[in-house]
Amino acid sequence: LLGSSSGCIHANRSSAMLVPPVFVLVFAASNFQGTCWDVGSLEEGIEINVDNGQVGTSSLMPASSLQWPGICSPLLERRNGEDYPWAIHCRGFSYFSSPHDGALLCSLDSQWHRSTVCELFRVATNCVNLPCTREVVTPETLSAAIRRGQAPLPRGAGELMEVLLAEAGAVSGLLEMVPSSQLTFQMFLAIYTVAVLCLREKLPAGTHQQLFKLRANSQGREGCRDLVSEHFEHVFAMLASTGGTSTAAAAAAAATGGQKKIGDMKPSHAVLKKTGAAARRHIIALLPQGPLGVADVETSATHHYDYLPTDEPWSRFVVRTPRETPAHGLATDVALWRERQEGWGWQSAWAAVRLANRLEEMLADPAELDGWLDAWIDSLGAERQSMLDGREWISGEQRQIGYRRWRGTQQILTPISGHYRPMWRAALLQRVAEATEKGGPHVPIFQSPDESTEEARRTWNCGAVLSWADIPVSCSLALHLDIGESDDKNGKPARAPSNSSLINLASGGCRVVLNRAILRTPMDAAALGQLSSCNEWYGMSVVQHNVSYAVRPQWLHADLVAVDVLEHRLLPAALQRVAIASQEVHNSSSRSPLRVRLHDAAEAIAEFTYYMFNGALYTRGSAAIAILSHHAMYLSLLRSPEDGERGRLARHRLQALRCLPNWRAHTMPDVEATSSHTAQAYTSYVYWKSFDSASGDPREELLSCLERALVLDAESEERGRQDAHRLQKALRELKSSRPGVG
């Protein structure tokens, strides 16, 4: 490797930027001289929209942002007097930018990487003299480049060359598997990025480098070559076979019954069996059990599952997911896990009791609920935030728990990795079983909100799992606007701006898209040539933040439009249904049996909880807060005793938490909710299966216990006193505990 002695500086008007030095990768003796690239000013071509603060793109950007060689020509040639289009274009890329094909390259966030991937692709296409004309890599161009034995590359690219383009590199083997044995620039970019993340090569500050947490810290060249090969062999062999157009068309047709609306006809048993098997294969291919390529080793220790008590008030707030295999003894690990969960559970139990008292006051008159939803959401956040009191060691974003989302930049995404991957896989396989085997709704898991056949194909190909809700107004009137934001002097509803997450229904009304879980990663979509169809979902881009997110499936939580509709339409109506059902439970003149009234109240609480899980209304802690709301609503069904003594009622509610079953092991309640397309599907087929039950019927256990708890007897009063003493002791110990305990 012959390195140049210094970098190149090209001054252009107001700026001077240092460009990385170039070296010549030599397989045989050569006098080839590397070139330097003109960078130019990053300020020119930027358009600032003062109204919304968004950065526009200049006309210098190529029309098709990922087309070779146009996208790379400024990097491969000296163009004096011209700006660097990718730098200008990527200046507008951000965590909340509009979707565009170039986001994948922008997410690398480094001119070195953009230069290097262009030069490597130039080598692979065997382009010697500029301008390059070949648009794809083939086995012939790669072999010719290797025989030629030399190439101009930025300094530091030797490892990437060895992993990707050397004779034993990953690209040579992958060319045998890709369609037509050709790699486009977009496909090559995906392969390049996985190699970069494995090698941890020149990643910009802030990029999450520990992508493979449960693997060796350094894979080395051979390890990364094998990892890249393994990953894309899986992509081309498994994902392509389960996501082809014929399979997608068959699945879409079976799902929709041709052009008929969902629910108009019941699929035959044979069709259900076939589509169920295809969906299971698709899910397993999209969410493989690691280690496989970039899919890391999965946490698998579940020994703690059986150590959660079934008769403790605090255990109702604990969610059991797999953990890493303990480094110390099993008994010690279980004891430590239980200690931490018990501290958290007692805190949550006391918060739920206080919130139930607050909610009882709010729901006293279902006709007077204006403003109570905001008060309830704020109270939930404040209770969750108060759990940080005295824990000064918790800092940064962790201290934002319980803060409500209110501005456009507060979009939330969760990479489906770590323990999320097995939890999503288990939930989706369960949804498929419900739809095809257990009498559930005959709606495929990869179902589009707008029900068009073309969109059904896209949803299947990209592995998109979406949830939505319908409201009985047109989308133009869907959004809430405060009085100060409206210029309508007549007080009529202001027309909302057009938004992609709102879909006008042909039958009338508006459908709002809530969650978007996109299982096919942006990187894999690029490798399959599907990035243009998979990169945007009802106004939200799948390529956000930095490049390490792009190699993982994306869980895109509700955007601010959906949050607005939830907070001003769906949740107020759901809260009113909870209030009406709660009042009916205590209506002694009702003609409905008490068990039926309790069941109606439970269904109303489940619906409200579904929207809380799907809304992610807070910057952090939304799932835990939704659980807190859920439990507090059940406790609010237990009313004040005749003597009106509030302490007595609080103790009774504390011990009555035992009526709620524990959450089912190996599930996450928010994943169970967001993997259900609608609130109706969740309450009818998913909600009751989210709980553990000794008898196998958690609904019967819960309703029977609540029916008994409506009457405060001596036994429950004594149990409440004991629980109150244990609660006080647990909270005192928690305040004095060291960081990490509880």
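All values below were derived from every heavy atom in this structure, side-chain atoms included, with hydrogens, water molecules and symmetry-related copies excluded.
- Arg405 places a side-chain N or O within donor-acceptor distance of the main-chain N or O of Ala616, the cut-off being under 3.5 Å.
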request  = Could you check Leu359 against Trp372 for side chain to side chain contact (heavy atoms under 4.5 Å, CB included), going step by step and ending with a plain yes or no?
outcome  = CA-CA 9 Å; Leu359 189 61; Trp372 279 119; over 6 Å; no
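- Of all heavy-atom pairs between Leu287 and Pro553, the closest is CD2-CG, 3.8 Å.
- Salt bridge Arg425/Glu298: present, at least one basic N to carboxylate O contact under 4.0 Å.
- A donor-acceptor pair shorter than 3.5 Å can be found between the side chains of Gln655 and His652.
- Residue Met612 holds its CE atom at 12.0 Å from CG of Asp670, rounded to the nearest 0.5 Å.
- Residue Ser582 comes nearest to Leu637 through the heavy atom pair OG-CD2, 3.7 Å, listed as atom of the first residue, atom of the second, then distance.
- For Val563 against Ala558, the heavy-atom pair with the smallest separation is CG2-O, 4.2 Å.
- Applying ring-ring contact (aromatic ring centres under 6.0 Å, His included) to His677 and the options Tyr610, Trp468, Tyr685 leaves one that passes, Trp468.
- The closest donor-acceptor contact from the side chain of Ser629 to the backbone of Ile625 lies at 3.5 Å or more, if one exists at all.
- Proximity of a side-chain donor or acceptor of Gln554 to a complementary backbone N or O of Arg552 within less than 3.5 Å is detected.
- For the atom pair CD (Glu584) and CG (Leu594), the distance works out to 10.5 Å, reported to the nearest 0.5 Å.
- The aromatic rings of Trp555 and Trp424 sit perpendicular, their planes meeting at an angle over 60°, well past the 30° parallel limit.
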request  = Evaluate the side chain to side chain contact (heavy atoms under 4.5 Å, CB included) criterion for residues Trp314 and Leu308: first the C-alpha distance (whole Å), next the side-chain angles of each, then the deciding distance (0.1 Å), finally the verdict.
outcome  = CA-CA 10 Å; Trp314 61 264; Leu308 186 69; 3.9 Å; yes
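- Side chain of Ser716 to main chain of Leu712: no donor-acceptor pair is present (N/O by atom type, distance under 3.5 Å, no hydrogens or angles).
- Under the 4.5 Å side-chain criterion, counting only non-hydrogen atoms from C-beta, Arg658 is in contact with Arg316.
- Between the Arg620 side chain and the Ile401 main chain, no donor and acceptor come within less than 3.5 Å of each other.
- Atom OG of Ser675 sits about 12.0 Å away from atom CE of Met423, to the nearest 0.5 Å.
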request  = Would you check, one step at a time, whether the test side chain to side chain contact (heavy atoms under 4.5 Å, CB included) holds for Met633 with Leu575?
outcome  = CA-CA 10 Å; Met633 283 186 164; Leu575 182 62; 3.9 Å; yes
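- Taking 4.5 Å as the limit, some side-chain heavy atom of Trp337 sits within range of a side-chain heavy atom of Val318.
- How far CG of Leu505 is from SG of Cys475: 7.0 Å, rounded to the nearest 0.5 Å.
- Considering Glu700, Arg708, Glu701 as possible partners of Ser704, the one that fulfils the side-chain hydrogen bond (donor to acceptor under 3.5 Å, both in side chains) test is Glu700.
- In this structure, the side chains of Glu607 and Glu603 stay at 4.5 Å or more apart for every pair of heavy atoms.
- In terms of modelled atom types and a separation under 3.5 Å, the side chain of Arg569 and the main chain of Ala478 share a donor-acceptor contact.
- A donor-acceptor pair under 3.5 Å is absent between the side-chain atoms of Ser684 and the main chain of Ala681, judged by distance alone.
- Proximity of Ile627 to Pro669: side-chain heavy atoms (C-beta onward) are separated by under 4.5 Å at one or more points.
- Looking only at side-chain heavy atoms (C-beta outward), Glu360 and Leu649 come within less than 4.5 Å of each other.
- At a cut-off of 3.5 Å, with distance as the only test, a side-chain donor of Ser448 or Asp450 sits close to an acceptor on the other residue.
- Note that CG of Leu556 is 6.0 Å distant from CD1 of Ile518, once rounded to the nearest 0.5 Å.
- Smallest separation of non-hydrogen atoms from Val686 and Ser676: CG2-OG, 3.3 Å.
- Of the possible polar contacts, none joining the His586 side chain to the Leu638 backbone as a donor-acceptor pair under 3.5 Å is found.
- A salt bridge is absent between Asp311 and Arg719; no separation between the charged side-chain nitrogens and carboxylate oxygens falls under 4.0 Å.
- Side-chain atoms of Asn662 come within 3.5 Å of backbone N or O of Pro309 as a donor-acceptor pair.
- The distance from atom CG of Leu571 to atom CG of Asp374, rounded to the nearest 0.5 Å, is 10.5 Å.
- The pair Arg516-Glu536 fails the salt-bridge criterion, with no side-chain N (NZ, NE, NH1 or NH2) lying under 4.0 Å from an Asp/Glu carboxylate O.
- Between Tyr634 and His630, the angle of the ring planes goes over 60°, which puts this pair in the perpendicular group of the 30/60° scheme.
- At least one side-chain heavy atom of Asp564 sits less than 4.5 Å from a side-chain heavy atom of His568.
- Ring geometry for Trp460 against Phe446 counts as perpendicular: the plane angle is over 60°, on a 0 to 90° scale with 30° as the lower cut.
- Looking at Arg520, its side chain does come within 3.5 Å of a backbone N or O of Asn461 through a donor-acceptor pair.
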inquiry  = Set out, in order, the CA-CA distance, both residues' side-chain angles and the distance that settles side chain to side chain contact (heavy atoms under 4.5 Å, CB included) for Glu312 and Glu342, then state yes or no.
reply    = CA-CA 9 Å; Glu312 291 283 2; Glu342 186 171 357; 5.8 Å; no
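- Shown here for Asn515 and Asn614, the closest heavy-atom pair between the two residues is ND2-O, 2.7 Å.
- Arg458 forms a cation-pi arrangement with Trp537, by the criterion of a distance under 6.0 Å to the ring centre and an angle within 45° of the ring axis.
- Nearest approach of Thr674 to Phe613, heavy atoms of both residues: CG2-O, 4.0 Å.
- In this structure, Asp692 and Thr310 have side chains that are not in contact, with every pair of non-hydrogen atoms separated by 4.5 Å or more.
- Taking 4.5 Å as the limit, every side-chain heavy atom of Gln341 sits out of range of all side-chain heavy atoms of Ser315.
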